[in-house]
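In what follows, every chain begins at residue 1, and chains take the letters A, B, ... in the order their sequences are listed.
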Amino acid sequence: MLDPKQIRNNPDAVKKGLKSRKADATLVDRFLQVDEEWRKLLSEIEEMKAKRNAVSDQIGQMKAKKEDATAVIAEMKTLSSRIKELDEEQKKIEDRLNDIAYEMPNLPHHCVPEGSDARDNIEVRVWGEKKKLDFKARPHDEIGKQLGILNFEQAAKISGARFVVYRGVGAALERALISFFLDVHIKENGYTEVFAPVLVNKQAMIGTGQLPKFEEDMFKCRDDEFYLIPTAEVSVTNLHRESVFNSEQLPVKYCCYSPCFRREAGSYGKDTKGIIRQHQFNKVELVKFTDPASSYDELESLTRNAESVLQKLGLPYRVVQLCSGDLGFASAKTYDLEVWFPSENQYREISSCSNFESFQARRAAIRFKVGSKGKPEPVHTLNGSGVAVGRCFAAILENYQQQDGSVIIPEVLRPYLGGIDRIKP
RNA sequence: GGAGGAGUACCCAAGUGGUCGAAGGGGACGGUUUGCUAAACCGUUAGCUCGGGGCAACCCGGGGCGAGAGUUCGAAUCUCUCCUCCUCCGCCA
């Protein structure tokens, strides 16, 4: 959520920001109109309530002195019922105002390049050499099936399309990646590990920005008000909903493994083969709560932290900065990490690192203050995948495939797999 | 799933319809005393949020006693729903 004061005082700047990310800039005028209506009515109601408070007090005193208060009470009856009517109207206007405010995406940071879609993203840096294979690179799903470590038929039987069963060394490799990522972030990068519920309530989803706008992307429980998280960002960011940090505590850094659940509505034709786009996948997420003054430095280090696991695995990747048109709803600035997929001859997203500035913090009321007398203000929240486990699994199969159909296991993972160095057919 | 009990400020806790603008205590902070510490004594401790006015440091008002609705001229107090915690029974990893 944007700062209402910013919308009131600087509507043109807000419109400009919305337009640059291809969002509906008329939201601003609609907001201002309803906001005006809301504040006008609020003043009216508050005045009436002030009167009610004063007269109620007076009635109390009259009763104490055993005076007759019937006339005043009768008068107050009218006032009170009028207040009640206006309160209801106020509530309706407020709901409309919130609807508009919740629909408004974050504004891009000034350093974000203008652009309309992924083609306008900017390559920031490239790491590692694209593997040169002296045979035709095979796609990861084929390799996985042949090695007997991925099974799509069984997954379809028990769940449906866009699910996968890992088997044997495959299951162990998935688990090894999770442990490896967590170990790096905990021991080397200074994050605190958490493990949190994946079933969350509506407030949490609103807090990080998934709701109300992206309801159709979520899996929702039918009989209970629970949603399955699309990312651990939701659970972890909301750990501190409606609370206030001391400035000395910041930055607070968490890493969290969780399964993630996405309906993938609207991507029916895309990535139907393999494990790139699943309804359920594993991810280790990094989340930071920071002082606004340092949040952009923290975004750089968060991105480097995510990169570090790819470097250790020896997977070639590049970092791109998303252009305004490709930014996620809540983000002010995003770097995507894209890992090399030989069979497709292209880089593919494996991590997305964003600074949300105060957008989520305002929705979720996550604040900090300096000392004991400071006025609480919203923190900045950041997060990034550190990294997506399934996609990393696929990248390993593709980048470490051998002509004989086996796959070399990157050295850093071997201790997690009982020392084996290769998956053989 | 069933039966009870509880939720008041940083913590404990009083308050069953009207000066509650919430008693009292603890802790914390400030002061007096002191060579220093402790004790004692005095004082402060409702934060927060929303609106309005100066548009700065302030002033005025609304809200706020777990959350939300309701009853009432008026609710911490009465009614309903929900949440969390505790005790017991049942079931379960």
* Minimum-distance nucleotide (side-chain atoms of A/P376 versus B/G61, B/C48, B/G51) ->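 Among the listed nucleotides, the one closest to the side chain of A/P376 is B/C48.
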* To do: Under 4.0 Å between any heavy atoms, over every strand shown, what does A/K51 touch: base, sugar-phosphate, or nothing? Just pick one.
  =>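 Answer is nothing: A/K51 stays at 4.0 Å or more from every strand.
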* Reckon A/R8 touches a base, only the sugar-phosphate, or nothing at all at heavy-atom distances under 4.0 Å? ->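 If one applies the 4.0 Å heavy-atom cut-off, A/R8 turns out to touch the sugar-phosphate alone, with no base involved.
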Can you give me every donor-acceptor pair (side chain of residues 166-177 of chain A, partner residue at least two apart or in another chain, under 3.5 Å) with its distance?
{"unit_1": "A/Y166", "atom_1": "OH", "unit_2": "A/E174", "atom_2": "OE1", "d": "3.2"}
{"unit_1": "A/E174", "atom_1": "OE2", "unit_2": "A/N282", "atom_2": "ND2", "d": "2.8"}

* Asked: Taking atom P in both B/A22 and B/C60, what distance in whole Å separates the two?
  ->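 These two P atoms come out 16 Å apart once rounded.
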* Write down the distance separating the P atoms in B/A93 and B/C83, rounded off to the nearest Å. =>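 Taking atom P in both B/A93 and B/C83, they lie 25 Å apart.
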Check the distance between [N]'s [atom2] and [X]'s [atom1] and give it to me in whole angstrom.
X: A/R52; N: B/G61; atom1: CZ; atom2: P; answer: 16 Å
X: A/N53; N: B/C20; atom1: CG; atom2: P; answer: 15 Å
X: A/I59; N: B/G18; atom1: CD1; atom2: P; answer: 13 Å
X: A/K63; N: B/U72; atom1: NZ; atom2: P; answer: 14 Å

Below 4.0 angstrom, which residues in [range] have at least one non-hydrogen atom near RNA chain B?
range: residues 34-46 of chain A; answer: A/W38, A/R39, A/L42, A/S43, A/E46
range: residues 68-84 of chain A; answer: A/I73, A/M76, A/K77, A/S80, A/K84
range: residues 85-102 of chain A; answer: none

* **Residue pairs, two or more places apart or on separate chains, that pass side-chain hydrogen bond (donor to acceptor under 3.5 Å, both in side chains) and touch residues 246-256 of chain A** =>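 Applying side-chain hydrogen bond (donor to acceptor under 3.5 Å, both in side chains) to every pair that reaches into residues 246-256 of chain A, excluding sequence neighbours, yields A/H240-A/Y254.
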* side-chain hydrogen bond (donor to acceptor under 3.5 Å, both in side chains) contacts in which one or both residues fall within residues 101-110 of chain A, not counting sequence neighbours ->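 Sorted pair list comes back empty.
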For residues 9-17 of chain A, which side-chain donor-acceptor pairs fall under 3.5 Å, sequence neighbours excluded?
{"unit_1": "A/N9", "atom_1": "ND2", "unit_2": "A/K5", "atom_2": "O", "d": "3.2"}
{"unit_1": "A/K15", "atom_1": "NZ", "unit_2": "A/D29", "atom_2": "OD1", "d": "3.2"}
{"unit_1": "A/K15", "atom_1": "NZ", "unit_2": "A/D29", "atom_2": "OD2", "d": "3.3"}

* To do: Assign the ring pair A/F359 / A/F329 to parallel, tilted or perpendicular, where the plane angle (0 to 90°) is split at 30° and 60°.
  =>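 Judged by the thresholds at 30° and 60°, the geometry between A/F359 and A/F329 is perpendicular.
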Identify every side-chain donor-acceptor pair in residues 302-309 of chain A under 3.5 Å, counting partners at least two apart or on other chains, and give the distances.
{"unit_1": "A/T303", "atom_1": "OG1", "unit_2": "A/L299", "atom_2": "O", "d": "2.7"}
{"unit_1": "A/N305", "atom_1": "OD1", "unit_2": "A/Y191", "atom_2": "OH", "d": "2.7"}
{"unit_1": "A/N305", "atom_1": "ND2", "unit_2": "A/N189", "atom_2": "OD1", "d": "3.4"}
{"unit_1": "A/N305", "atom_1": "ND2", "unit_2": "A/S301", "atom_2": "O", "d": "3.3"}
{"unit_1": "A/E307", "atom_1": "OE1", "unit_2": "A/R125", "atom_2": "NE", "d": "3.3"}
{"unit_1": "A/E307", "atom_1": "OE1", "unit_2": "A/Y317", "atom_2": "OH", "d": "2.6"}
{"unit_1": "A/E307", "atom_1": "OE2", "unit_2": "A/R125", "atom_2": "NE", "d": "3.3"}
{"unit_1": "A/E307", "atom_1": "OE2", "unit_2": "A/R125", "atom_2": "NH2", "d": "2.5"}
{"unit_1": "A/S308", "atom_1": "OG", "unit_2": "A/N305", "atom_2": "O", "d": "2.7"}

Protein-nucleic acid N or O pairs under 3.5 Å, nucleotides 53-60 of chain B:
none

* Pairing of RNA chain B as dot-bracket, 5' to 3': ( ) intra-strand, [ ] crossing, | other strand, . unpaired, with Watson-Crick or G-U pairs under 3.5 Å? -> ((((((((.[[[..)..(.....]]]((((((.......))))))..((((((....))))))..[[[[[..)....]]]]])))))))....
* To do: Look at atom CD of A/E300 and say whether more than 12 heavy atoms of other residues, nucleotides or ligands are closer to it than 6.0 Å.
  =>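 Yes, the 6.0 Å shell around CD holds more than 12 heavy atoms from other groups.
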* A/R162: partners by salt bridge (charged side-chain N to carboxylate O under 4.0 Å, His left out), with sequence neighbours left out ->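 For A/R162 there are no salt bridge (charged side-chain N to carboxylate O under 4.0 Å, His left out) partners, ignoring immediate neighbours.
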Please tabulate, for side-chain N and O atoms in residues 417-424 of chain A, each donor-acceptor pair with protein atoms closer than 3.5 Å (sequence neighbours left out).
{"unit_1": "A/R422", "atom_1": "NH1", "unit_2": "A/S406", "atom_2": "OG", "d": "2.8"}

